[in-house]
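Contents: one structure, followed by commentary.
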Amino acid sequence: MIYADNAATTRLDKAALEAMMPWLLEEYGNASQPYSFARKPRKALAEARAEIAECIGACPEEIFFTSGGTESDNWAIKRALGNGGRRFVITSQIEHHAVLNACAAVQRLGCPVSYLPVDGKGTVAPADLEKVLSDGCKLVSVMLANNEIGTIEPVKELARTAHEHGAMFHTDAVQAVGHIPVDVDDLGVDMLSASAHKFNGPKGVGFLYIRKGSPVGSFMDGGAQERRMRAGTENIASIVGMARALSQNIASMSRTESRLRAMEERLVLALDKAGIDYIRNGAEDHLPGNVSLSIKHVSGEMLLHRLDLKGICVSTGSACDSVETRVSHVIRAIGVPEDYAEGTIRITFGRDNDEEDAQTVADALLGILRPRTMGSLS
Ligand code: PLP
């Protein structure tokens with residue numbers, strides 16, 4: 001099998017798994033208990049928090065563990081809005097549904113939400129944010145990198161613009177953390193969401209960075225864990241695994257990036273040589289390993305299933321989230337022409353892939369596409 005859907009999830013790092021094991025089998029104590037058996041898990045929790053904080057240029061007290069990206073996004077959006085005062089939220093049209101649906105929820109509670117457009121490459125323009133910002137704006141949430149087309153957003157400029165109007169800034173960095181350099185001070189964000197399973201950590205764990213002093217409420221009521229901000233017994237093993245996975249990925253980031261760029265090139269070159277009519281989605285500045293293609297007059301869904309039969313996992317740009325349209329909100333927002341939009345597939349190479357995999361994916365695609373262009377299916 002060739003797994004080329006690393007934006008969906010990634011394989012658990014072996015060192016991360018090893019780091020997790022003792023906390024599951026031997027040192028399984030509850031970190032909140034006062035006896036000595038809780039001391040080691042409590043220390044492990046503190047060390048993991050410090051390790052993660054260092055990876056993104058934060059202080060340990062600014063890291064709050066969650067169950068993953070969806071929870072972090074919901075927390076940031078729902079709890080940045082207090083009772084009364086500023087109520088206006090601004091986000092973009094191409095956010096993940098974790099953000100879009102959290103925004104829809106606050107909208108139902110009476111908070112106005114504005115959705116910024118993007119250009120043909122999926123980039124949000126700071127000037128467009130400037131146009132809709134008003135003194136009533138409490139929160140701006142724009143992702144650091146898009147999960148479908150890989151576009152990296154100008155978060156630094158957007159955060160600065162939001163701050164000039166007294167608004168807080170949150171970024172969904174779920175696809176970015178562990179893949180591109182992320183520094184919360186350089187970006188100037190107040191909140192940042194991340195998820196371990198996107199960077200070779202375990203599933204069901206993530207974190208929300210909240211800048212010290214930011215007026216953000218607690219998300220889960222219950223015990224006193226996470227400084228009374230997010231109750232619930234801490235998932236020590238997964239948190240330790242997340243910290244290890246993140247450090248490992250960051251240590252090899254630049255080497256991985258050049259390998260991934262070579263895989264992208266190999267794939268695209270093979271399609272170009274064969275004269276395939278396609279649009280490459282996303283900006284020049286995009287996540288390493290992301291190849292989003294909209295191929296003329298084919299069905300992305302058909303391609304996904306045909307590639308699956310050949311043992312290759314990719315994703316489509318069409319979502320099963322709407323009855324009327326099979327084309328995703330991201331592909332719609334960037335304005336991919338109708339005769340290409342349906343033929344969208346997302347190939348996301350990861351650190352376990354190599355150039356040979358890229359060639360195999362290209363050959364498999366050509367094997368499906370070439371006979372079609374000659375009028376019959378292979
Ligand atoms: N945000 C983005 C950009 C994502 O790509 C995803 C996952 O696909 C999420 C949020 C949700 O993260 P999780 O699966 O950890 O809940």
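For ligands, and for the atoms within them, numbers begin at 1 and follow the listed sequence. All residue numbers in this chain count up from 1 along the given sequence.
Between the side chains of Ser292 and Glu148, not a single donor N or O lies within less than 3.5 Å of an accepting N or O.
Closer than 4.0 angstrom to ligand 1 lie heavy atoms from Gly68, Gly69, Thr70, Asp73, His96, Met143, Asn147, Asp172, Val174, Gln175, Ser195, His197, Lys198.
Between Phe37 and Tyr28, the ring-plane angle classifies as perpendicular under the 30° and 60° cut-offs.
Proximity of Glu234 to Ser32: side-chain heavy atoms (C-beta onward) are separated by under 4.5 Å at one or more points.
Between the side chain of Asn74 and the backbone N or O of Ala102 there is no donor-acceptor pair closer than 3.5 Å.
The ring-ring contact (aromatic ring centres under 6.0 Å, His included) search around Tyr115 returns none, not counting sequence neighbours.
Note that Arg227 lies in the cation-pi zone of Phe64, set by a 6.0 Å cut-off to the ring centre and a 45° limit from the axis.
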